[in-house]
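Quick note on labels: first sequence line is chain A, next is B, and so on, each numbered from 1.
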Amino acid sequence: MFSAIDWVLRNLADVFSYALTALIRWILMLLNINTSLLESEHYKGAANFFFYDTMKIFLMLIVIIFIVSIIRSFFPPERTKKLLGEGKAQGFIGNILAALLGIVTPFCSCSAVPVFIGFVESGIPLGITFSFLISSPMVNEVALVMLWGLFGWKIALLYIATGVTVAIIAGILIGKLHMEKYVEDYVYNIKMGEAEIEKLTWKQRVIDAWQYVLEILKKIWLYVIIGIAIGGIMHGWAPAGMLAKYAGKNNPFAVFIAVLIGVPLYSNAAGTIPIVSELTRMGMPMGTALAFMMSVTALSLPEMILLRRVLKPKLLGVFIGIMSITIIIIGYLFNIVLA
Amino acid sequence: MVIKILGSGCPNCKRLEQLAQEAAKEIGVNAAFEKVQDIQKIMSYGVMSTPALVIDEKVKVYGRVPSKDVIKKYIEEEI
């Protein structure tokens, strides 16, 4: 079935890029501008890449976000808290469980603070709370679609597995440092009530999931198009392998610099991944690319500002430090392993 | 009747409040609306995912914005 959809998409992309080219040629001729650019292989490659990838990504966004939202409707944070709380999650197993639950629990940075407080209040150890807080935004549905659509399912799976691993390791490290006193004091004074976990009908789950799909699309559609457009231009004009000399395996600082650039690019996983996909074609090694994408999704400035409300500066600094170092190590590791 | 919207000013909180106001108006019930933005108060209802709708101190829904018809049902339950 996938190959049939793919065939339709490829042909549609051909038709669209042909129509667009005709339109541009007509405008250029009206303006008396030379149209030879439109005959070049560079242009054809770029236009086709753009239409094919845009249609494919939007189709995948709709289908996959819908499915993910249905699954997530079974795991509200209130239930996840119950699964981990009251001393049930301890030690190493707790970190693994929290990181895995982070994948299926819906998360938005606006609920990072209440989730943190809720977890701490119900006695979930700090390190396990962090395992959840790290994996939840990092393994998100948009990044999953973009990776699957542009890099293939193997890299998408690798990203998820790596994200969960980073969450487990960072959570264990933070737990070992015993930093409970660097949580803002008022957090320990909050008494949480008990809300019933809603029983949703299938109809409600479907309506909610569809609403969520529209909400996400509204938020990211422009970034996706811009990202793929830039990717398309690179695809048409930049030769494969041209980056290998600068950002390749022989540059020891590449991963480090990639992570440094990735941190402020938050919420643009949608826009950055198409460009990264082209960068890898141009010779950026996969480990560097993965490290870059993880720093985009896992370390975001707005979330850090929110977390500052519950974490004292020292713990926030330790959190950022451990995350950056773990991501950088993983980047180098993959550059060696995947070589 | 007191209708509280729990949430710290996210776009969904505003949508929920608007829908709830329309629902109350259409039913013709006299409701006082209150925005609860303080995190400690929100948590005291046992809610971590916002926005949440609280009618006469009962948590009706959280973490999502229900349709107006569903909100009407929630309001009618408490009349």
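Of residues 201-216 of chain A, those residues with a non-hydrogen atom less than 4.5 Å from any non-hydrogen atom of chain B are, in numerical order, A:Q204, A:D208, A:Q211, A:E215.
For the pair A:L200 and B:R64, the minimum side-chain heavy-atom distance is below 4.5 Å.
Within 6.0 Å of the NZ atom in A:K219, the count of heavy atoms belonging to other residues, nucleotides or ligands does not exceed 12.
With hydrogens and angles ignored, the 3.5 Å screen pairs a side-chain donor or acceptor of A:E78 with a backbone N or O of B:S49.
Applying the side-chain hydrogen bond (donor to acceptor under 3.5 Å, both in side chains) rule to A:K81 yields no partners; only residues at least two apart in sequence or on another chain are considered. Scanning for ring pair (Phe, Tyr, Trp, His ring centres under 6.0 Å) contacts around A:Y182 gives an empty result, with sequence neighbours left out.
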Just list the side-chain donor-acceptor pairs under 3.5 Å for residues 22-30 of chain B, sequence neighbours left out, or say none.
unit_1: B:E22; atom_1: OE1; unit_2: B:K68; atom_2: NZ; d: 3.1
unit_1: B:E26; atom_1: OE1; unit_2: B:K72; atom_2: NZ; d: 2.8
unit_1: B:E26; atom_1: OE2; unit_2: B:K68; atom_2: NZ; d: 2.9

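Closest heavy-atom contact between A:P114 and B:M48: CB-O, 3.3 Å.
For a residue to count as touching a neighbouring chain, one of its non-hydrogen atoms must lie under 4.5 Å from one of that chain's; by this rule B:K60 touches chain A with the backbone only.
Counting heavy-atom pairs closer than 4.5 Å to chain A, the top residue among B:V59, B:T50, B:V47 is B:V47.
A distance of 6.0 Å separates CD1 in A:I190 from CE in B:M43, rounded to the nearest 0.5 Å. Considering OH of A:Y186 and CD1 of B:I39, their distance stands at 7.0 Å, rounded to 0.5 Å.
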